[in-house]
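This report refers to the structure that appears directly beneath it.
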Amino acid sequence: MLKLLRASGAIRFVQGPSSGNGMQRIAVGAVAETIRRSQLFDADWYLRKYPDVTAAQLDPLTHYIEFGAREGRDPNPLFDTDWYLSYYPDVAAAGANPLAHYEEYGSRLHEGRDPHPSFSTLYYFAQNPDVAAAGLNPLLHYLREGRAAGRLPFDPNARYVKHVIKERQQFALQSSEILRHIDAMLYRPIFHVFVMGAKGAAYTRTLESLTVQIYEAWSTSDFRWDAGTGARFEPDEHTFVIFLRAGDTLGLSALYDLASTINAYPSADIVYGDEDTLDAHGTRRAPFYKPDWSPDTLESQNYLGPAACFRGQLAAKVLAQSQCYYDFALRATELTSRVEHLRAIICHRALGAADPVSAADAAADIAALTGRLQRTARTGAVAQVAAGLACYGAKITLTSAPLVSIVIPTAGTIAEVNGVPTDLLFNCLDKIQERSSYKNLEFVIVDNGDLGEGRVERLRQRGCRLITFSALIFNVAKKLNLGASIATGEMLLLLNDDIEPVLPDWIERLLEQFEKPHVGVVGAKLLYPDLTVQHAGVVTNLGNPEHVRKMRSRDDLGYFFSACSVRNFAAVTGACMMTRADLYRRLGGYNEALAISYNDVDYCFKVREVGLTAVYAPGAELIHFESQSRIPRLECGEGEYFHRHWARMLISDPFYNEDNLEVLPASFEVKHNPRAL
């Protein structure tokens, strides 16, 4: 018979001597009923997340109960199966289904278990007593109502407070060693701190943060951009300049950290660190872990911020011409690329990088970026990406209209799209031609020799260039190289056939990035059919390539505007990737040793290796019916090859800061990584 055991709040189904498949089905049915009652299983999300389940035409809930939970698969974006079982070992020991356990016990106020590192059950109850009073499941309430209403799923500062305490303890232990290091420094830079803003309590706080610095070689003066202060600034060769707004404060070791970095990189003209924000009570919050030097990111926001110092002689060259700090930073980086990133939080801002800005400040920033375009022989309209925030985008007027060869590898798949059988290749071609405002296009189709005469003739009538991949073993890298070999365009656009554009100017938004000579490859923003994010850049997450912001909403801003603004990434997906044809050929195209996996990231790494950048362009939006053409799989041999070949690039992602991983809540889409880029 079947016994239902309850121990430590866990549910466990135990088969007695007479049990068999029938008893197992009863157990599965009971768990299924509990999960259905919870309404926490998102079947559509599960099928998108795990396309092998879709391909096998399995019932998603049954798969989760019988296999998925054991395999660590998640039932919704805010329930982490692996995390729940590891954090609550009594549930794992009882053999309980984690989602059923959370519904029956974990979500109750007396237990207060968390379904995900980014959702605190007790915090949600405490902040929303109406939910607790009604006896509602807090996670379900958040997913159904709370998120849209702006209710917070966790205390956003709880973990960071612990980090701040740890940081202070470390400083106390290390201060004597720091003093010995300062005495031994061969080069001692002198920091001149310009303080902007009216004198008062905020101004005093800024000065007090200077007086307690463990590194004492500094001076200060007031500064106003409209007062001609810069014209009177005459630094010597030892001087580095810092700009702080009244209310900004420096960490106790900030100047020492900067001086130490300058000693490590004596040719550096600019050194910048990470930062956080002070709330009204003086509590540090919202840590901003910045990317390393990112020239394209700087054209979206002044991410250098006040946690930066500039060589005095460089500053003197541009100060008199600059109208605001963003203008100064843009002009300074036009004269040097010797920029170093100090991966430590050294500045605590009164107004954070993601906080609302005044209309006057936004206007000054827009004027600064417009000036940058003019100085670099570009014209375009600059505007805020998100109203009221210091993040900007520019629509550039193209100086030429190069022929773009769109290389599309295809298996000729007929797939169901929105319930309708669809020829993916012709849907892709039709939507591009119907919706795209850019017309100087060439289509190169790489088929497997199985399209049939009818479809081949239709492609020829459209003017497509055709080439057949005839090898017996599937190799998408070879297919793309084959297509590129007959392309005649100046630009190559590598594109999956299961894609269609959303916005008409998507090609222009990709092309405009190549108005900058240092850009080597550009990727688009890809959306699932339900308009949630599929691709918004690729990072190296704990040594492996990962998509970030996956399954977030289309209008998601990202981590300090990472999803909504042009910025540098380690790589972009090959599902929609633009590059110069001559560069593609010079680098040997896609690596054919990577037939299925990692070939797009490998190409981006080759681009970066020759000193060019990989850029994410969110203004180019497309829908991606991901993996409709084939079932995705990872080839272990290719993974081993990729990791061995690119070990030096995988150790640390310069555009994705993995420092202090314990500080931020886990991202919904990347397991075991508490960074939410």
Side-chain angles (χ1 to χ4, degrees), residues 166-195 206 209-221 233-244 248-276 287-295 298 303-319 328-329 332-333 335-348 648 651-655 657-660:
K166 180 180 176 182
E167 181 186 274
R168 289 171 180 165
Q169 292 170 338
Q170 288 177 332
F171 177 77
L173 293 172
Q174 296 171 354
S175 57
S176 59
E177 184 179 343
I178 290 173
L179 288 170
R180 286 195 298 271
H181 184 209
I182 293 172
D183 288 340
M185 280 184 178
L186 296 177
Y187 175 67
R188 296 189 187 181
I190 299 170
F191 296 99
H192 186 80
V193 183
F194 285 125
V195 181
T206 300
S209 77
L210 294 173
T211 60
V212 296
Q213 289 294 304
I214 196 168
Y215 185 89
E216 298 178 339
W218 58 270
S219 58
T220 185
S221 63
F233 181 60
E234 297 180 358
D236 61 28
E237 59 182 347
H238 301 292
T239 301
F240 280 77
V241 176
I242 297 173
F243 293 89
L244 297 178
D248 295 342
T249 62
L250 295 179
L252 294 171
S253 65
L255 296 184
Y256 162 74
D257 291 334
L258 290 170
S260 183
T261 304
I262 292 166
N263 273 270
Y265 302 96
S267 64
D269 290 319
I270 302 171
V271 178
Y272 66 95
D274 299 332
E275 63 187 54
D276 58 21
F288 182 10
Y289 297 107
K290 303 175 185 178
D292 289 351
W293 171 231
S294 304
L298 187 64
Y303 80 94
L304 301 181
C309 68
F310 300 78
R311 190 175 294 276
Q313 292 169 336
L314 169 67
K317 292 178 182 178
V318 297
L319 261 176
F328 170 81
T333 55
L335 299 181
T336 184
S337 60
R338 294 193 293 267
V339 183
E340 295 295 336
H341 175 207
L342 165 61
R343 291 194 169 200
I345 291 178
I346 63 173
C347 182
H348 319 305
R648 65 193 182 281
I651 291 173
S652 178
D653 186 334
F655 309 109
N657 195 333
E658 290 180 353
D659 287 357
N660 301 307

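Counting from 1, the numbers follow the sequence of the chain as shown. Note that the coordinates shown come from a computational prediction; the quantities given were computed from them, not determined experimentally.
In this structure, the separation between CZ on Phe288 and CG on Asp274 is 8.0 Å, given to the nearest 0.5 Å. The NE2 atom of His181 lies 13.5 Å from the OG atom of Ser176; values are rounded to the nearest 0.5 Å. Once rounded to the nearest 0.5 Å, the distance linking CG of Leu250 with CD1 of Ile345 reads 13.5 Å. Distance check, rounded to the nearest 0.5 Å: CD of Glu216 to OG1 of Thr211 gives 10.0 Å.
No donor-acceptor distance shorter than 3.5 angstrom exists from the side chain of Ser219 to the backbone of His192, with no hydrogens or angles considered. Formation of a donor-acceptor pair under 3.5 Å by the Arg188 side chain with backbone atoms of His238 is not found in this model. With hydrogens and angles disregarded, no donor-acceptor distance shorter than 3.5 Å links the side chain of Tyr272 to the backbone of Lys290. No side-chain donor-acceptor contact under 3.5 Å links Trp218 to the backbone of Leu255. The closest donor-acceptor contact from the side chain of Gln213 to the backbone of Gly251 lies under 3.5 Å.
Under the 4.5 Å side-chain criterion, counting only non-hydrogen atoms from C-beta, Ser253 is not in contact with Gln170. Pro291 has its side chain out of reach of Asp653: every pair of non-hydrogen atoms, C-beta onward, lies at least 4.5 Å apart. Side-chain contact between Leu179 and Ile214 is present, with at least one heavy-atom pair separated by less than 4.5 Å. Between Val241 and Leu319 there is no side-chain heavy-atom pair separated by less than 4.5 Å. Using a 4.5 Å cut-off on side-chain heavy atoms (C-beta onward), Pro235 and Arg311 make no contact. Using a 4.5 Å heavy-atom threshold, the side chains of Cys347 and Leu244 count as touching. The closest side-chain heavy-atom distance from Ile270 to Leu314 is below 4.5 Å. Using a 4.5 Å cut-off on side-chain heavy atoms (C-beta onward), Phe240 and Leu258 make no contact.
Smallest separation of non-hydrogen atoms from Ala268 and Glu340: CB-CG, 3.8 Å. When all heavy atoms are compared, the tightest approach of His341 to Asp292 is ND1-OD1, 2.6 Å. Closest approach of Tyr187 to Glu237, counting heavy atoms only: OH-O, 3.4 Å. Residues Lys317 and Gln313 come closest through the heavy atom pair CG-O, 3.4 Å. When every heavy atom of Pro306 is checked against every heavy atom of Ile242, the shortest pair comes out as O-CG2, 3.9 Å. In terms of heavy-atom proximity, Leu304 sits nearest to Ala308 at O-CB, 4.0 Å.
Using modelled atom types and a 3.5 Å distance limit, the side chains of Thr239 and Asp236 yield a donor-acceptor pair.
For Phe191, the ring-ring contact (aromatic ring centres under 6.0 Å, His included) criterion is met by Tyr215, not counting sequence neighbours. For Thr220, there are no side chain to side chain donor-acceptor pair (under 3.5 Å) partners at least two apart in sequence or on another chain.
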- Message: Between Cys309 and Ile262, is the side-chain contact (heavy atoms from CB on, under 4.5 Å) condition met? List the steps.
- Response: CA-CA 10 Å; Cys309 68; Ile262 292 166; 4.1 Å; yes
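Each of Ile346, Thr261, Ile178 was evaluated against Tyr256; a single residue qualifies, Ile178, per the side chain to side chain contact (heavy atoms under 4.5 Å, CB included) test.
Heavy-atom neighbours of Tyr265 OH from other residues, nucleotides or ligands within 6.0 Å: at or below the threshold of 12.
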